[in-house]
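So the structure is just underneath, and the comments pick up after that.
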Amino acid sequence: MGLANDQMETEADSRDKDTFLQGIKDCVPTLLGYLSIGFAAGVVEKTAGLSIAEITLMSLLLYAGSGQFIAAGMIAMSNPISAIIFTIFFVNLRHFLLSAALAPYFRHLSPWKNMVTGSLLTDETFGVAINQLSNKKFASYRWMLGLNITAYLNWLVANIVGGFFGKWIPNPEIFGLDFALPAMFIGLLVIQISSQKRFYADIMVAVSAIIIVIGVSFFFSASAGIIIATILGSTIGVMIDKWK
């Protein structure tokens with residue numbers, strides 16, 4: 001009886017913490033990254049010839065850092081719309097994997113709530129969510145909504161600001177703005193690794209991935225090297241986790 005009461009109290013405390021406001025708070029560590037990347041994306045989009053209205057619409061509908069950088073570059077090179085759409089589609093196929101990884105935590109929700117959650121999911125909010133939910137069986141819709149909406153609005157504002165100042169930055173590469181996206185992923189990786197008590201497996205996977213991508217790049221393209229390093233690095237991580 002006492003054990004059951006303790007379990008009920010633990011679940012109640014968890015529900016109290018998983019609020020919309022808590023989701024906003026948990027998104028804070030990513031906000032500076034969103035601002036820098038969103039600003040860089042806005043600048044690149046502006047230099048590609050997009051108007052503020054078009055930048056706003058792209059941020060609202062596409063809402064993908066890598067996709068928007070790619071779209072801006074392809075628009076600047078006058079690529080056909082079909083090529084831009086297919087390229088962005090394949091680049092963002094990883095979102096199927098991200099959604100699949102989080103799906104078990106949201107299986108208690110209705111389909112339309114899952115649709116809202118999935119449509120606003122990004123690499124960054126996935127990183128925060130998977131870290132927060134590692135010791136839980138179910139996720140709070142309110143918490144995830146707070147996390148996603150905060151990131152969404154922050155991204156929109158950052159893009160608009162970047163688009164506004166973009167007319168004074170004709171060459172974004174000079175300021176390293178093209179490195180904004182990889183820099184944020186590195187920051188998220190560091191936060192996730194440092195939050196764990198035992199992170200030697202993460203270090204091993206990171207080092208292995210770096211060695212693999214450098215070695216493969218001597219024989220194949222850099223893109224192929226990244227894909228192969230991702231697959232082999234994940235395999236190494238699973239093997240280490242299984243053997244420890």
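Not measured: the values here are computed from a predicted model. For this chain, numbers begin at 1 and follow the sequence in order.
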Common cluster, W112/L102, ILVMFWY with side-chain heavy-atom separation under 4.5 Å: yes

Distance-only donor-acceptor check, side chains Q22 and D18, under 3.5 Å: no

L133 reachable from F126 in the ILVMFWY side-chain graph, under 4.5 Å edges: yes

Donor-acceptor contact present, side-chain T125 to main-chain L121, <3.5 Å: no

Exceeds 12 heavy-atom contacts within 6.0 angstrom, atom CE of M204: no

Y34 and T122: side chain donor to acceptor below 3.5 Å: yes

Hydrophobic cluster membership, F89 vs I81, 4.5 Å side-chain cutoff: no

ILVMFWY network linking L62 to L57, side-chain heavy atoms under 4.5 angstrom: no

S59-N159 side chain donor-acceptor pair, cut-off 3.5 Å: yes

Linked, directly or transitively: F219 and I210 (ILVMFWY side chains, under 4.5 Å): yes

Side-chain donor or acceptor of Q68 paired with backbone N/O of G65 under 3.5 Å: no

F106-Y141 aromatic ring centre distance below 6.0 Å: no

Short side-chain donor-acceptor distance under 3.5 Å, W155 and E124: no

Aromatic plane relationship, F39 with F165 - under 30° parallel, 30 to 60° tilted, over 60° perpendicular: tilted

